[in-house]
Each structure stands twice: as C-alpha cells, then as structure tokens.
A.B. asks: 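This is the structure I have questions about; it appears just below.
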Amino acid sequence: MNFFERQDKARKNTKVLVVYFVLAVACIIVSVYLAALLIFYGAHSSRQAGDPTRELALWDPKLFWYVTLGTLGVVVCGSLYKTAALAKGGGAVAQSLGGRLVNPNTTHPQERRLRNVIEEMAIASGVPVPQIYVLDDEQGINAFAAGHAPNDAAIGVTLGCLTLLNRDELQGVIGHEFSHILNGDMRLNLRLMGTIFGILCLAVIGRILIYARGGRDRTPLMLLGLALIVIGAIGVFFARLIQAALSRQREFLADASSVQFTRNPAGLSGALQKIGGAGSRIESAHAGEASHMFFENGLGKPFLGFLATHPPLDERIRAIDPGWDGKFKPGGAAAVEPGSPRGTAKPPPSPSPSPFPFPPIPGMPGAAAGAAGLAADVVQVGSVLPNVGQPTPLHLRYAAELRNSFPAKIQSAAREPLDATALVYAMLLSPDEALRAKQLRELATRTAPDVSDAAAALWPEVAPVASRARLPLVNLALSALRHLRPDEFRQFSQALQWLIESDEQIEMFEFVLQKIVRHHLAPQLGQARSTSVEFHTLKPLVRDCNVVLSALAHASSSNAGEVEHAFQTGVSHLSAQAGGLQLLPREACGLERVDTALDRLALAVPQIKRNLIEACVYVVGADGVIQEREAELLRAVAETLDCPIPPFVEHEQYVRASVQDKNTSIA
C-alpha cells in the first residue's frame, strides 16, 4: 500500500467514525428516552396513585423529541467544544496530557538524544520537525503523535520512555509514531477525541443534575441524573468500541512501517518487551480521551477484549520478532547511567562507515552526507513517486549524516527562534557581494539589528549548504520558528517577502520556500488552513493543474520548444478529465496564480494529488532525468500539498555502478 492509498484509507476511516458515532448517539437517545419515560411516569404515578386511567405508554412523542434535542445538543456541543480546543494541533493534546515542551536547544542528554532521533526521521521523511513534548509525571513507557497534518504535529514521550529505552528502542518507538504522521492517522485521531468527548458529556450532565437544587420535584431530576451517569457508561462503552475498531489494525501497520523504516526489528521489539516489564499506563485524567493514539495501551486492561485499543503485547512482539522467547524485560532496567535527576544518557555508538558514498560539501572537509537534501546529482523519473511518504533505512542514514555535517553554528541557529529567522534570511542572500551588502542594510531596518548581523555571520557557512539542502534546513528551523510571537512572525514574514523580491527576480523555488514557511506557521497568525477534503474529482481543479504545470514547465527551461515538450509530457499523465490543457504563457501563470492553485489542490483527495505530482515529475523530468535543482523544486511543491518526498538517494543506481566498476576492474 503506497502513501496515497494509506492517506485515502485514513480518509475513508473518517466515514466509518461517522457511522459508529451515529449508532452510538442513536443508542444513547433511546436509553435516555426510556430512562426519562420510567422516571417521570413513576413520579407522576406517585402523585396520582388513585388514577386507574394512568398507564405506562412506551411512545410519548413530546418526551422523545425533548430527549432527542437535549441529547443531541449535549453531544454536539461537547464535540464542537473539544474540537475547537484541539484546533491548535498536536501541542494542545500534549499539553492536556501534562506534556512539557522540550527546548529546541536543550542540553539535557536524554532530551538531546530524543531530539536527534526525531530530527533525523523528519529529514529522512521530508517533513518539518514536530514539536517535542515530555510527560514528566508519567513513569510508564509510552508515546504518541498528534496533529491535523505534519505542519502542526507533535510527538510526546513519557518520562519512562525517555529514561528506560536505549537509542535503538527509542528509534523504533519514534519510527512507529512517524508512521502515524505519514499515514494520515493523526487527523482521524483528533476527530475521534472530539467525538468521544461529546459522547462522554452526558455523564457530566448527570452529575450536575444530582447536585442541582430544587423544590419538591427534585427527586426526578436526581433520578434522571443518576440515570445519565449510568447511560454515560454506555457512552464510555461506545467510545471504547469506536477507539478499538479504528486503532488496533493501524498499530500493526505502524509497527511494520517502523521496522521497514529503521531495518531494526530488535529495537522496536526491545521497547515492547520493556513495556511488558515496566508497564505503559498513563495517569493523566485525560488519558481515556486519547487512549487510541498511544504507542501502547495507556489504560488498564479492559474487561472485554474486543474493547482493547491495542493488540495484545505478545502478538505485536511476535509479529516483528518471531524468535522471541516470551519473556518480558525487567521494568527497572534503565537505559541510562546515573548522574542527573533523570540520569545521563549513554552516548550513541559511533555510526559505522556508510556503504554509500555522498559527495562532500564544498568548503566543509570531512562532511559525510554531502551538500544536499539530495544525494544524487541526477534522479531517474521513475524513482520519485514510490518514495512519497515512504522513507527507507538509507534515507535515515543519509539524514543522520546530513544533520551531523551541518556546522555547529547552523545547528544552533536552527533551534533558536530569532536565530532561525536569520538562518532563513541567510539562505536567500545574494551571492553578489554588492547586492548582498544592500540586502543586509535594508534587513537591519526591517528587523532587529542583531538579526541582520546574525544573517551576515551565517551566510559564509550557509551558502555552500543552501545551494542543495535548503529544504532540510528550513524543516529543521521550522521547529524554532513556531516559537515566534505573532508580532515577530509578522515582521519575519514581511522581511522574507521583501528579501525574495529584492533582486527583482523571484525564482520558483524562492516562492515555494516562502509558501512552505507560511503554510507551516499559519497558526502563528490564527490562519490555520482547512485540512478537510473539498475536491473529489479533477474537473473543478483543471485550471489549477494547468497553472502549476505551466509554471513548472517555464521554470525547467528557457527554450520555447523544450517548455512545450515538458508541459505536454506532464499533461499526458493526468486523467482524462484534464483533456485539452494548453501551455499558458509565462505571464499567465505568475506566482499569485500558482499560490492560489496550490491552495486549492491541497484540498483534493489523495488520488488527485498523486496524479498531479506524477505529472509534475514528468514536467521537470521531460528528458527522462531530474537535475538536482529541479528535484528540490519538485520536493518543495509536493510539500505544499502535504505529500512529503524524502531526499533523493539513489541506492539502486549506486549498486549498479558499483557492480559495473567491479566487473570492469576484473576484466
């Protein structure tokens, strides 16, 4: 199953959620109606004991509609309230569970190890680094990923997960959570949280009625309150049933994806075995609402097995480690050495020499990963689409080496909010010394002077990296940029716009880079973009596709014949609904139109996005190969559509070349 199929399945699971929700609400309405009927009939009968004509009628239309409207009002209002509270994304979930945001420049060894693992996986996956939270009050081993989309994702780990797991085990857990990010599970999980809260609100109303003041008719209200608490248990039952129905199979898939990503089943198996010894319980009062999104069951074992939100622990272990002896690891076996309140992490082992050669970064001797978010100077067209949302162990190795190759000054700047703005500015400064000096002088008037000075100081180290690794650098910096105050972000956005336009020619990649920053940081200005699907067919999006493909064709070449050939090559890979597209002149596919088109296309179903990205691939690679500048632009366009493409690492190409060289030397 590829990335787009997994996204589509997650979208269809939302429909399943709606079906379960409707069934649950219908059962609750019937239960409340019967309870109200019995309670108020009984109260009325006690006052009119001598009335022989008063008989129990099972159908009371007036009471039924009162109950229906009241129940729907409580459930819907509760769900809307919770959904609004979760609109801020994964950080809101982490904070509700008692999470503490980890400082991007933390010096705590365990937190640095966690950040390193998450950063490597983010670069390898082609997504921004999620916000990182630690649940300091939770001693069990557990974790979760939450958010509407990768741009507002958060990963939380318990204190037990941080201290009891070694690096391989932690990597296995984080790989599992990245699977949920890439597979579209997070959005469903948040919707599920909102839905469940509405169902559980009836029990809260019941407690209010029990303690409500009243006159001599207070008894029916108390009885109804007690009934609502009992019915609330029905709500809990349905909530757990919905969680179990939508969660268990996804956990097996996420385990398999983690193993495929890291190629280290022992790491994930070891983490699960330690959970068997240490436990995974979450003590937070909100754990029940979020139980479906935890790495392992965060509540007590359910009385009924079919209500379990996670598969049995031994089944998960044997699915990835058939040779497991059935013994869990002791819970108290910490993976860190003493030396701090939470221990000091053992340094990770030195990476073994990579079997895949990466070109060194110019001016940075010894840099192992090369000067790129791309490992290959030329990429085969057919290798692009299979990689979307499906990073491999080679991508992970590449990401670790790339991150470690960045100078310490760049790594530090990417983790402080204002320094991160200077880093982005430095990436866009002109190589022409005179123009660069003019840009820096103007920046000093548009930003704080120390920011302009920091950009000038960073430029000599950023310039050789930025030519090929702008996307990984931006995705690293986004984590810190999220901490900008609204006024700081407005200033940053305006200065960024000016800097891009300052050389009087806006490159396509500069525009897309700006769009990525604004797309991921929109919540800073309260402008969170809709993540709902609005377009299910290509027909209403044909003009938008025409704009994007025309713009890419013009960006790929200045030769009119080559531009036309590239455009037609791409169009042939769209569906029949897009027939009759014609290349637009350069002025008709300007950046404003591209901006609007990408926003609309981002609201399409996954299959439309797949077809569009495939068409984009064939536009920029009309000659059968994609140059590194074109590949970086392609990755950036795909990211605006929430379709992350990992760095291009040509493993197969390297293997073929190695075999050919070996055969040549033997001959």
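Given the structure is predicted, the values throughout are model-derived calculations rather than measurements. Keep in mind that the numbers below use all heavy atoms, side chains included, and drop hydrogens, waters and symmetry copies.
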A.B. asks: Which residues pass the salt bridge (Lys or Arg N to Asp or Glu O under 4.0 Å) test with Arg593, not counting sequence neighbours?
C.D. replies: none
A.B. asks: Test Ser479 against Arg115 for side-chain contact (heavy atoms from CB on, under 4.5 Å), laying out the working first.
C.D. replies: CA-CA 11 Å; Ser479 181; Arg115 173 164 286 280; 3.9 Å; yes
A.B. asks: Give a yes or no on whether a salt bridge exists between Asp599 and Lys515, defined as a side-chain N under 4.0 angstrom from a carboxylate O.
C.D. replies: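 Yes, Asp599 and Lys515 are salt-bridged.
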A.B. asks: Do Thr262 and Gln171 have a side chain donor and acceptor closer than 3.5 Å?
C.D. replies: no
A.B. asks: State the CG-OG1 distance between Asp453 and Thr447, to the nearest 0.5 angstrom.
C.D. replies: 9.0 Å
A.B. asks: Is there a donor-acceptor contact under 3.5 Å from the side chain of Ser179 to the main chain of Gly175?
C.D. replies: no
A.B. asks: Do you know the tightest heavy-atom contact between Val619 and Gly570?
C.D. replies: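 For Val619 and Gly570, the tightest heavy-atom pair comes out as CG2-CA, 3.6 Å.
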A.B. asks: Does the plane of the ring in Phe492 sit parallel, tilted or perpendicular to the ring in Phe489? Use 30° and 60° as the thresholds.
C.D. replies: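 Rings of Phe492 and Phe489: tilted, as their planes differ by 30° to 60°.
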A.B. asks: Using modelled atom types and a 3.5 Å cut-off, is there a donor and acceptor pairing between side-chain atoms of Asn475 and backbone atoms of Val129?
C.D. replies: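 No, because the side chain of Asn475 does not come within donor-acceptor range (under 3.5 Å) of the backbone of Val129.
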A.B. asks: Between the side chain of His148 and the main-chain N/O of Leu86, is any donor-acceptor distance below 3.5 Å?
C.D. replies: yes
A.B. asks: Going by heavy atoms in the side chains, are Tyr133 and Gln95 under 4.5 Å from each other?
C.D. replies: yes
A.B. asks: Establish, from distance only, whether the side-chain atoms of Thr392 and His395 form a donor-acceptor pair under 3.5 Å.
C.D. replies: yes
A.B. asks: Would you call Arg635 and Glu639 a salt bridge, using N to O less than 4.0 angstrom?
C.D. replies: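 Result for this pair is no, no salt bridge flagged.
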A.B. asks: How about Leu435 and Gln439: do any of their side-chain heavy atoms sit closer than 4.5 Å?
C.D. replies: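 Leu435 reaches Gln439 side chain to side chain.
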A.B. asks: Applying salt bridge (Lys or Arg N to Asp or Glu O under 4.0 Å), name anything that partners Lys82, two or more places apart in sequence or on another chain.
C.D. replies: Glu289
A.B. asks: Restricting to non-hydrogen atoms, name the atom on Val594 and the atom on Cys589 that form the minimum distance, rounded to 0.1 Å.
C.D. replies: CG2-O, 3.7 Å
A.B. asks: Going by side-chain contact (heavy atoms from CB on, under 4.5 Å), Leu481 matches just one of Thr421, Leu418, Val474. Which one?
C.D. replies: Thr421
A.B. asks: How close do Thr640 and Val637 get, counting heavy atoms only, and between which atoms?
C.D. replies: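 Result for this residue pair: OG1-O, 2.6 Å.
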A.B. asks: Counting distance only, does the side-chain N/O of Thr158 pair as donor-acceptor with the main-chain N or O of Asn142 below 3.5 Å?
C.D. replies: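 Yes.
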A.B. asks: For Arg167, is there an ion pair with Glu120 - N to carboxylate O distance below 4.0 angstrom?
C.D. replies: yes
A.B. asks: Which heavy atom of Asp544 sits nearest a heavy atom of Ala597, and at what distance?
C.D. replies: OD1-CA, 3.5 Å
A.B. asks: Any idea how Tyr81 and Phe197 line up, ring-wise: parallel (<30°), tilted (30 to 60°), or perpendicular (>60°)?
C.D. replies: tilted
A.B. asks: Counting only N and O atoms by type, is there a donor-acceptor contact under 3.5 Å from the side chain of Arg600 to the main-chain atoms of Pro540?
C.D. replies: yes
A.B. asks: Are the side chains of Arg100 and Glu111 in touch, meaning some heavy atoms are under 4.5 Å apart?
C.D. replies: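 Yes; the side chains approach each other to less than 4.5 Å.
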A.B. asks: Would the distance check show the side chain of Lys609 and the main-chain N or O of Leu601 forming a donor-acceptor pair, the cut-off being under 3.5 Å?
C.D. replies: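 No.
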A.B. asks: Using a 6.0 Å cut-off, check whether atom CG of Asp432 has over 12 heavy atoms from anything other than its own residue.
C.D. replies: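 Atom CG in Asp432 is packed in, count exceeds 12.
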A.B. asks: Determine whether a donor-acceptor pair (N or O, by modelled atom type, separation under 3.5 Å) exists between the side chain of His554 and the backbone of Leu584.
C.D. replies: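 The answer is yes, because a donor-acceptor pair under 3.5 Å joins these two groups.
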A.B. asks: On a heavy-atom basis, which atom in Ala145 and which in Glu177 lie closest, and how many Å separate them?
C.D. replies: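 Looking at all heavy atoms of both residues, the closest pair is N-OE1, 3.1 Å.
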A.B. asks: Determine whether Val617 and Leu634 make a side-chain contact, defined as any pair of heavy atoms from C-beta on separated by less than 4.5 Å.
C.D. replies: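 Yes, side chains in contact.
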A.B. asks: For Arg446, does the CZ atom have more than 12 heavy-atom neighbours from other residues, nucleotides or ligands under 6.0 Å away?
C.D. replies: yes
A.B. asks: Look only at the side chain of Ser412 and the backbone of Ala408, and say whether a donor-acceptor pair between them is shorter than 3.5 Å.
C.D. replies: no
A.B. asks: Quick one, Glu442 with Thr445, criterion side-chain contact (heavy atoms from CB on, under 4.5 Å). Give me CA distance, side-chain angles, the key distance, then yes/no.
C.D. replies: CA-CA 5 Å; Glu442 181 65 22; Thr445 67; 3.5 Å; yes
A.B. asks: Given side chains that start at C-beta, do those of Tyr425 and Leu458 come closer than 4.5 Å, heavy atoms only?
C.D. replies: no
A.B. asks: Does some side-chain heavy atom of Met121 sit less than 4.5 Å from a side-chain heavy atom of Leu396?
C.D. replies: yes
A.B. asks: Taking atom CG of Leu165 and atom CD of Gln110, what is their separation to the nearest 0.5 Å?
C.D. replies: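 Reported value, rounded in 0.5 Å steps: 10.5 Å.
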A.B. asks: Report yes if some heavy atom in the side chain of Leu423 is under 4.5 Å from a heavy atom in the side chain of Asp419; otherwise report no.
C.D. replies: no
A.B. asks: What is the distance from atom CG of Leu499 to atom OG of Ser502, rounded to the nearest 0.5 Å?
C.D. replies: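 Answer for the CG-OG pair, Leu499 versus Ser502, is 4.5 Å.
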A.B. asks: Hey, mind stepping through Ile608 and Leu541 against side-chain contact (heavy atoms from CB on, under 4.5 Å) and telling me if it holds?
C.D. replies: CA-CA 9 Å; Ile608 292 178; Leu541 296 171; 4.2 Å; yes
A.B. asks: Give the intermediate values and the outcome of side-chain contact (heavy atoms from CB on, under 4.5 Å) for residues Gln607 and Asn611.
C.D. replies: CA-CA 6 Å; Gln607 188 58 41; Asn611 293 341; 3.3 Å; yes
A.B. asks: Within the distance-only criterion (no hydrogens, no angle test), does the side chain of Glu138 pair as donor or acceptor with the backbone N or O of Ser284 below 3.5 angstrom?
C.D. replies: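 Between the backbone of Ser284 and the side chain of Glu138 there is a qualifying donor-acceptor contact (under 3.5 Å).
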A.B. asks: Output the distance between atom CG (Asn404) and atom CG (Asn116), rounded to the nearest 0.5 Å.
C.D. replies: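 If we round to the nearest 0.5 Å, Asn404:CG and Asn116:CG are 7.5 Å apart.
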A.B. asks: Measuring only between side-chain heavy atoms, which start at C-beta, is Val127 closer than 4.5 Å to Phe178?
C.D. replies: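 Yes, at least one pair of side-chain atoms sits under 4.5 Å.
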A.B. asks: When rounded to the nearest 0.5 angstrom, what distance separates CG in Asp642 from CG in Leu182?
C.D. replies: 11.5 Å
A.B. asks: Looking at CD1 of Ile155 and NE2 of His180, how far apart are the two atoms once the value is rounded to the nearest 0.5 Å?
C.D. replies: 10.5 Å
A.B. asks: Looking only at atom types and distance, does a side-chain atom of Lys409 sit under 3.5 Å from a main-chain N or O of Glu461, one as donor and one as acceptor?
C.D. replies: no
A.B. asks: Please report the closest heavy-atom contact between Leu162 and Arg113, naming both atoms and the distance.
C.D. replies: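 Closest heavy-atom pair between Leu162 and Arg113: O-NH2, 2.7 Å.
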